[in-house]
Peer 1: 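To start, I am sharing the structure in question, which I have written as structure tokens.
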Amino acid sequence: MEEKNRLSVIVPCKDEESCIEQFVKEVSLVCKNIPLEFVFVDDGSSDGTLREIKKLADGDGRVRYVSFSRNFGKEAALLAGLEHCTGEIAVTMDVDLQHRPQLLPEMYEAIVKEGYDCAAARRTDRKGEPAIRSWFARRFYSVMSRFSDVDLVDGSMDYRMMKRQVVDEILKLREANRFTKGIYQWVGFKTRWFEADNAERVSGTTKWSFAGLAAYSVRGIVAFSTAPLQLASVLGALFCIPTFGYIVYIVFKWAFFGEKAAGWPTLMCAVLMLGGLQLLVIGILGTYIAGIYRESKRRPVYIARECK
Ligand code: UDP
Ligand code: MG
């Protein structure tokens, strides 16, 4: 199979037995003029996902797979897919058809004919999502863009096509805490953005809970920003300057008018407030130290049980 500009379709799957066959069918249909390779990554599924993938691989030489020894998470699955794909061009997609395959030919065209290095999709709306979740998502993107090394595009998805050169550069980043959206942005390259709407999942259920998304955001911030570490200095300055002024005022009143400042409530507020802030900042420090600790162990990001 030595076609030019073969497209590797990288698909992380966790408990997705009901989606896989339809996914391959739809992608093959819209990409009938593009030489394809499918790289499924079974991320420790507990249903028949692997069986389903193997069944397809037996009858279709374009289908390959990596199967993890347990669930390592979508970020690890994306890495495994990028490591195992062999095409000149690669695209990462969700198996639930929320990343519409209809965009693939245009994205492919942008890279092969228009000379872009990447083609990426971003959502224009967040229809069908709870309002509170959308609000937090928007805040997350704006905070990330302001305080981190990368300019995250609001609504960017993990639906991205890229040239071999870009894949190779991404694979050079060996961090264990992989925040893929940030990594894509960090490596740069000429990217054409495509607008996509928020499609419903074809079947199965989402693997994301609100707490899961919150943890994901914290991982993203820790991976690409050190701004929170400066919080202690900022808060320190914020409190020290007015406090110094206040001390001068008290001493002045005592020296010239013999007045003593009334104490207990103000003292209590100050102690509790400062104590709380100190704990908060220690917590932030702890989060980063945990990050260093995890990276320093140099564990592999995933373990493959079998692959083809
Ligand atoms: N996924 C994965 N490992 C996980 C969780 C999810 O490989 O631990 C895959 C999942 O099978 C799907 C994609 O990541 O192909 C996106 O997951 P999901 O559709 O649950 O997320 P949502 O679209 O709701 O954000
Ligand atoms: Mg989905």
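When a residue number appears, it is its place in the shown sequence, counting from 1. We count ligands from 1, going down the list as the structure has it; atoms in each ligand are counted the same way. Computed over heavy atoms, backbone and side chain alike; hydrogens, waters and symmetry mates excluded.
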Peer 1: On the ring face of Tyr65, is Lys308 found with NZ or CZ under 6.0 Å from the centre and within 45° of the axis?
Peer 2: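 No - Lys308 does not lie over the ring of Tyr65 by the 6.0 Å and 45° rule.
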Peer 1: Val301 versus Phe72: any side-chain heavy-atom pair under 4.5 Å?
Peer 2: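 No, too far: nothing below the 4.5 Å cut-off.
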Peer 1: Taking Trp186 as the starting point, is it possible to reach Ile221 by hopping between hydrophobic residues whose side chains are less than 4.5 Å apart?
Peer 2: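 Yes, one cluster joins them.
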Peer 1: Under a 4.0 Å threshold between the charged nitrogen and the carboxylate oxygen, would Asp168 count as salt-bridged to Arg164?
Peer 2: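 Looking at Arg164 and Asp168, the cut-off is met.
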Peer 1: Considering non-hydrogen atoms of the protein only, which is the closest contact for atom 16 (C) of ligand 1, and what is the distance?
Peer 2: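 Checked against all protein heavy atoms, atom 16 (C) of ligand 1 sits closest to Asp94 OD2, 3.2 Å.
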Peer 1: Do Tyr216 and Lys74 come within less than 4.5 Å of each other through their side chains, counting heavy atoms only?
Peer 2: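 Heavy-atom side-chain distance check fails, nothing below 4.5 Å.
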Peer 1: Enumerate the atoms of ligand 1 whose separation from the nearest heavy atom of Cys13 is less than 4.0 angstrom.
Peer 2: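 Going through ligand 1 atom by atom, the ones under 4.0 Å from Cys13 are 7 (O), 11 (O).
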Peer 1: Which one holds for Asp43 and ligand 1: side chain close, backbone close, both close, or neither close, with close meaning a heavy atom under 4.0 Å?
Peer 2: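 The part of Asp43 near ligand 1 is the side chain, not the backbone.
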Peer 1: Taking the side chain as every heavy atom from C-beta outward, state whether Asp43 and Tyr302 have any pair of such atoms under 4.5 Å apart.
Peer 2: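 No, side chains not in contact.
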Peer 1: Is there at least one pair of N or O atoms, one from Pro12 and one from ligand 1, spaced under 3.5 Å apart?
Peer 2: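 N/O-N/O distance below 3.5 Å exists for this pair.
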Peer 1: Under 4.0 Å, heavy atoms only, figure out whether ligand 1 is touched by the backbone of Asp96, its side chain, both or neither.
Peer 2: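 Just the side chain.
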Peer 1: Answer side chain, backbone, both or neither: which part of Asp15 comes under 4.0 Å from ligand 1, heavy atoms only.
Peer 2: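 Under 4.0 Å from ligand 1, Asp15 contributes no heavy atoms.
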Peer 1: Any side-chain heavy atom of Tyr141 within less than 4.5 Å of one from Val153?
Peer 2: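 Of all side-chain heavy-atom pairs linking Val153 with Tyr141, none is under 4.5 Å.
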Peer 1: Please report which non-hydrogen protein atom sits nearest to atom 14 (O) of ligand 1, along with the residue it belongs to and the distance in Å to one decimal place.
Peer 2: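 Looking only at protein heavy atoms, the one closest to atom 14 (O) of ligand 1 is Lys74 CD, 3.3 Å.
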Peer 1: What residue and atom, counting heavy atoms only, is the protein's closest point to atom 20 (O) of ligand 1, and at what distance?
Peer 2: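 The answer is Lys207 N, 2.7 Å.
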Peer 1: Can you pull out the closest protein heavy atom to atom 25 (O) of ligand 1? Residue, atom name and distance to 0.1 Å, please.
Peer 2: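 Result for atom 25 (O) of ligand 1: Trp208 CD1, 3.2 Å.
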Peer 1: Below 4.5 Å, heavy atoms only, C-beta onward: do Arg160 and Thr180 meet side chain to side chain?
Peer 2: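 They are not in contact (no side-chain heavy atoms under 4.5 Å apart), so the answer is no.
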Peer 1: Taking the side chain as C-beta and beyond, is there a heavy-atom pair between Phe194 and Glu106 under 4.5 Å?
Peer 2: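 Result yes, sub-4.5 Å side-chain heavy-atom pair found.
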Peer 1: Counting only heavy atoms not in Phe210 (residues, nucleotides, ligands), do more than 12 fall under 6.0 Å from its CZ?
Peer 2: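 Result for CZ/Phe210: enclosed.
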Peer 1: For ligand 1, which atoms sit closer than 4.0 Å to a heavy atom of Val95?
Peer 2: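 This gives 15 (O) as the contact atoms.
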Peer 1: Identify, for atom 18 (P) of ligand 1, the protein heavy atom at the shortest distance, and state residue, atom and that distance.
Peer 2: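 Protein heavy atom at minimum distance: Arg201 NH2, 3.4 Å.
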Peer 1: Near Asn71, which atoms of ligand 1 are under 4.0 Å from a heavy atom of that residue?
Peer 2: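 Selected atoms, number and element: 4 (C), 8 (O).
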Peer 1: Would you say that Leu231 contacts Leu280 through its side chain, given a criterion of any heavy-atom pair below 4.5 Å between the two side chains?
Peer 2: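 Yes, side chains in contact.
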Peer 1: Which ligand 1 atoms does Gln98 reach within 4.0 Å, using its non-hydrogen atoms?
Peer 2: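 Answer for ligand 1: 19 (O), 22 (P), 23 (O).
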Peer 1: Using heavy atoms and a threshold below 4.0 Å, how should the contact between Glu16 and ligand 1 be classified: side chain, backbone, both, or neither?
Peer 2: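 Just the side chain.
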Peer 1: Who's the nearest protein heavy-atom neighbour of atom 24 (O) of ligand 1, and how far?
Peer 2: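 I find the closest protein heavy atom is Thr206 OG1, 2.5 Å.
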Peer 1: For atom 1 (N) of ligand 1, what's the nearest protein heavy-atom neighbour? Residue, atom name and distance, please.
Peer 2: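 Ranked first by proximity to atom 1 (N) of ligand 1 is Lys14 CB, 3.9 Å.
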Peer 1: Of all the N, O or S atoms in Asp96, which has the shortest distance to the Mg ion (ligand 2)?
Peer 2: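 Sorting the N, O and S atoms of Asp96 by distance to the Mg ion (ligand 2) puts OD2 first.
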Peer 1: Can you sort out which atoms of ligand 1 are near Gly73, meaning under 4.0 Å from one of its heavy atoms?
Peer 2: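 Contacts of ligand 1 toward Gly73, numbered from 1: 3 (N), 8 (O).
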